[in-house]
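Note: hydrogens, waters and symmetry copies are ignored here, and every other heavy atom, side chains too, is used.
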Amino acid sequence: MNKIRQILRGHFEGRGTKQLSQITGVARNTVKSYLRRFKETTLTHQEVELLSDEALSETILGPPAPQQQSKRQEILSALLPKISKELRRKCMTQQLLWEDYIAKHPQGYRPSQFKAYLSEYLNRRSLTMHFEHKAGDKVFINYAGKPLYITDPETGEHLPEQVFVGVLGCSQYTYLEATLSQKKEDFTESCRRMLEYYGGVPRAIVPDNLKSAVQKGSRFSPILNETYESFAEHYGTAILPTRPRQPREKSLVEGAVKLVYQRIYIHLQNKVFFSLEGLNEALKPLLASYNERALRGEESRREQFDQLERESLQALPALPYQLMQVKISTVMKNTHICLAEDKHYYSVPHQFIGKKVKVLYNNDRVEIFYRYHRIAQHKRDRRKHKYTTSADHLAASQRYVSSWNYDYFVCEGNKISSEVGDYMAALMETKPHAEQGYKSCAGILHLAKKAGTSRLIQACRRAAEYGIYTYPIIQDILSKNLDALSPAEEQPEDNALTPHHHNIRGKEYYS
């Protein structure tokens with residue numbers, strides 16, 4: 001457009017076509033064609049200056065000619081999506097696809113043109129996009145494809161160890177460690193140590209779709225592994241899995257893995273390690289050197305991290321995450337569930353008897369959930385065949401029975417009267433087994449509701465005078481109203497005559 005504008009300006013200044021061709025380097029005939037098209041528009045110099053490049057191009061050169069596709073090109077264009085999908089299959093080649101295509105369309109393109117159109121289509125589909133990563137926003141994690149090895153000191157066997165890699169998006173500050181496996185326990189602990197290494201928590205963690213993080217992959221709504229989801233909740237971060245089979249979405253860590261091979265693995269060649277701890281100790285100085293290395297002659301990863309990203313990370317929680325084991329259990333009729341690993345029983349609110357609950361536990365605590373709501377929490381107890389019970393979980397009748405003990409009944413008796421309390425204390429001391437005394441005391445307290453507290457006090461006083469400490473004696477005194485008699489009235493008269501009765505023989509019978 002600049003040359004066209006120069007030609008038009010020179011034309012308005014009175015320059016000829018030969019001179020304009022020499023000034024602009026455009027062929028003379030081309031200059032003539034431009035000027036001829038301009039004269040057909042009847043535009044003035046001022047109007048030309050106001051036109052945009054697009055408008056001037058369409059005015060002088062005309063609208064772009066629509067691209068016409070031949071019939072065989074239309075046929076191939078319609079087949080390209082299916083052909084590109086077939087190309088992903090194992091052992092499939094472009095040559096085999098062309099042979100299948102030409103067999104169905106004999107008038108189609110030859111191999112070179114077919115492959116050119118296919119490559120053009122694949123390149124259009126494999127477009128990439130540059131992202132500007134914000135400080136403290138994301139950390140990308142992955143496992144290296146090549147393992148490192150430790151040697152069994154007894155057998156000499158080489159045991160492969162997985163290599164966990166994490167990269168912060170903004171500074172590319174890298175974390176690296178060797179682990180036994182990619183299982184849920186090792187994966188979660190690696191993520192915890194990575195956050196502690198960074199000294200903070202980014203707003204999101206980006207893994208791929210490994211089972212330790214994602215239960216079911218999806219392009220739009222992946223389902224996270226429950227343990228990893230609780231890990232993210234503990235640290236106040238989000239999990240953003242990549243789409244399945246889309247490594248470009250975590251290209252930073254994919255590139256970091258390649259650099260780890262070149263700059264860390266190479267220094268471990270011909271070295272023998274007999275433990276995982278020894279291998280990780282050897283990795284620490286190599287990782288530090290890797291992060292200190294300048295990027296493209298500028299700041300190192302560590303310097304960028306200190307300047308840009310360290311302050312942008314969220315603070316670590318006060319306590320580190322502890323991995324919880326998961327178990328499904330049914331609440332028994334005694335309102336407890338059994339943790340089979342320890343053979344120990346933990347109480348659950350009595351409303352959940354017969355329900356299936358989820359038990360999460362670690363070395364310190366046991367948490368019990370029903371429909372995603374926590375209904376009980378206990379300190380873990382590894383004593384076999386023992387019970388950990390919270391009084392709040394029991395029904396009213398269970399709480400009453402569970403509260404029975406010596407002090408309870410003495411206290412309840414003293415609430416009525418000190419005489420009742422003393423009587424029940426003496427009663428429990430006479431029994432060979434504690435529960436015998438508890439049941440008798442419970443019966444005596446029940447009599448207070450039936451006969452009244454004043455009568456019970458008198459009955460306990462009378463029974464104590466007899467020196468008899470049982471539930472039946474109290475019941476007998478109350479039923480015969482002996483509590484209403486004074487001691488004098490209860491004693492028989494010495495001069496009372498024996499009543500006459502035909503079954504009494506008398507003293508004469510024995511003389």
Side-chain angles (χ1 to χ4, degrees), residues 138-152 157-169 173-198 201-202 204-219 222-235 237-261 264-265 268 273-284 286-287 290 320-327 360 362-363:
K138 293 176 183 175
V139 60
F140 300 85
I141 58 177
N142 197 14
Y143 281 99
K146 299 177 182 178
L148 293 173
Y149 293 88
I150 62 173
T151 302
D152 189 323
E157 180 184 4
H158 292 291
L159 305 175
E161 305 299 324
Q162 303 298 315
V163 178
F164 176 89
V165 182
V167 179
L168 285 170
Y173 193 50
T174 303
Y175 175 75
L176 176 75
E177 73 168 18
T179 66
L180 290 174
S181 70
Q182 297 185 21
K183 292 182 179 179
K184 175 175 60 179
E185 295 79 6
D186 292 324
F187 173 69
T188 306
E189 286 298 301
S190 292
C191 290
R192 177 185 64 79
R193 288 189 287 268
M194 175 188 69
L195 297 181
E196 292 174 354
Y197 178 80
Y198 290 145
V201 183
I205 300 175
V206 183
D208 55 16
N209 285 264
L210 76 167
K211 284 296 182 182
S212 298
V214 180
Q215 184 176 339
K216 184 177 181 181
S218 170
R219 292 181 61 191
I223 300 174
L224 298 179
N225 181 291
E226 189 171 354
T227 300
Y228 200 49
E229 193 170 17
S230 68
F231 168 85
E233 183 180 354
H234 179 82
Y235 284 98
T237 188
I239 306 300
L240 300 177
T242 62
R243 291 176 295 170
R245 297 179 296 278
Q246 293 293 332
R248 286 180 178 176
E249 294 188 1
K250 52 181 179 62
S251 57
L252 275 180
V253 71
E254 295 285 350
V257 168
K258 295 179 181 178
L259 292 175
V260 164
Y261 293 155
I264 294 181
Y265 275 45
L268 300 176
F273 302 96
F274 296 102
S275 68
L276 183 63
E277 293 76 14
L279 175 57
N280 278 317
E281 285 298 319
L283 287 173
K284 287 180 181 179
L286 295 174
L287 176 61
Y290 173 82
Y321 177 78
Q322 291 185 337
L323 183 66
M324 304 288 282
Q325 302 293 332
V326 181
K327 177 182 180 295
L360 275 67
N362 58 18
N363 293 330

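- Considering only heavy atoms from C-beta on, Thr242 comes within 4.5 Å of Val206 through its side chain.
- In this structure, the side chains of Val163 and Tyr265 come closer than 4.5 Å at one or more pairs of heavy atoms.
- In this structure, Phe273 and Ala282 approach most closely via the heavy-atom pair CE2-CB, 3.4 Å.
- Atom NE2 in His158 sits 13.0 Å away from atom CG in Leu148 (nearest 0.5 Å).
- Looking only at side-chain heavy atoms (C-beta outward), Pro202 and Tyr235 stay at 4.5 Å or farther from each other.
- The aromatic rings of Phe164 and Tyr143 sit perpendicular, their planes meeting at an angle over 60°, well past the 30° parallel limit.
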Listing, residues 227-234 side-chain donor-acceptor contacts under 3.5 Å, not counting sequence neighbours, or none:
| from | atom 1 | to | atom 2 | distance (Å) |
| --- | --- | --- | --- | --- |
| Ser230 | OG | Thr227 | O | 2.7 |
| Ser230 | OG | Tyr321 | OH | 2.8 |
| His234 | NE2 | Leu319 | O | 2.8 |

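- A salt bridge links Lys250 with Glu254; the closest basic N to acidic carboxylate O contact falls under 4.0 Å.
- Within the 4.5 Å cutoff, the side chain of Leu287 has heavy atoms near those of the Tyr197 side chain.
- Contact check for Leu259 versus Tyr290: side-chain heavy atoms found under the 4.5 Å cut-off.
- Expressed to the nearest 0.5 Å, how far CD of Glu161 lies from CG of Leu180 amounts to 5.0 Å.
- Considering every non-hydrogen atom in both Leu276 and Ile150, the closest pair reads N-CD1, 4.0 Å.
- With a 4.5 Å cut-off on side-chain heavy atoms, Pro207 and Ile239 count as touching.
- Without hydrogens or angle criteria, Lys183 side chain to Phe187 main chain gives no donor-acceptor distance under 3.5 Å.
- Listed for the Thr151 side chain is no donor-acceptor partner under 3.5 Å among the backbone atoms of Phe274.
- Here Lys211 contributes atom NZ and Lys184 contributes atom NZ; the two are 12.5 Å apart, rounded to the nearest 0.5 Å.
- A pairwise comparison of heavy atoms in Val165 and Ala256 identifies CG1-CB, 4.4 Å as the closest pair.
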Full working for salt bridge (charged side-chain N to carboxylate O under 4.0 Å, His left out) between Glu196 and Arg193: CA-CA 5 Å; Glu196 292 174 354; Arg193 288 189 287 268; over 6 Å; no
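- Residues Cys191 and Val139 have side chains not in contact (no heavy-atom distance under 4.5 Å, counting atoms from C-beta outward).
- Scanning all heavy atoms of the two residues, the minimum distance from Leu360 to Val326 falls at CG-CG2, 4.1 Å.
- The two atoms that bring Gly145 and Pro147 nearest to each other are O-CD, 3.6 Å, heavy atoms only.
- If you take OG1 on Thr174 and CE on Met194, they are separated by 11.5 Å, rounding to the nearest 0.5 Å.
- The nearest pair of heavy atoms linking Ser181 to Asp186 is OG-OD2, 2.6 Å.
- Rounding to the nearest 0.5 angstrom, the gap separating the OG atom in Ser218 from the CG atom in Asn209 is 9.0 Å.
- Here the straight-line distance linking atom OG of Ser190 with atom CG of Leu176 works out to 10.0 Å at 0.5 Å rounding.
- Asn280 places a side-chain N or O within donor-acceptor distance of the main-chain N or O of Ala178, the cut-off being under 3.5 Å.
- Taking the ring axis of Tyr261 as reference, the NZ or CZ atom of Lys146 stays within 45° of it and closer than 6.0 Å to the ring centre.
- Annotation: side chain of Gln322 is not in contact with side chain of Arg192 (no heavy-atom distance under 4.5 Å).
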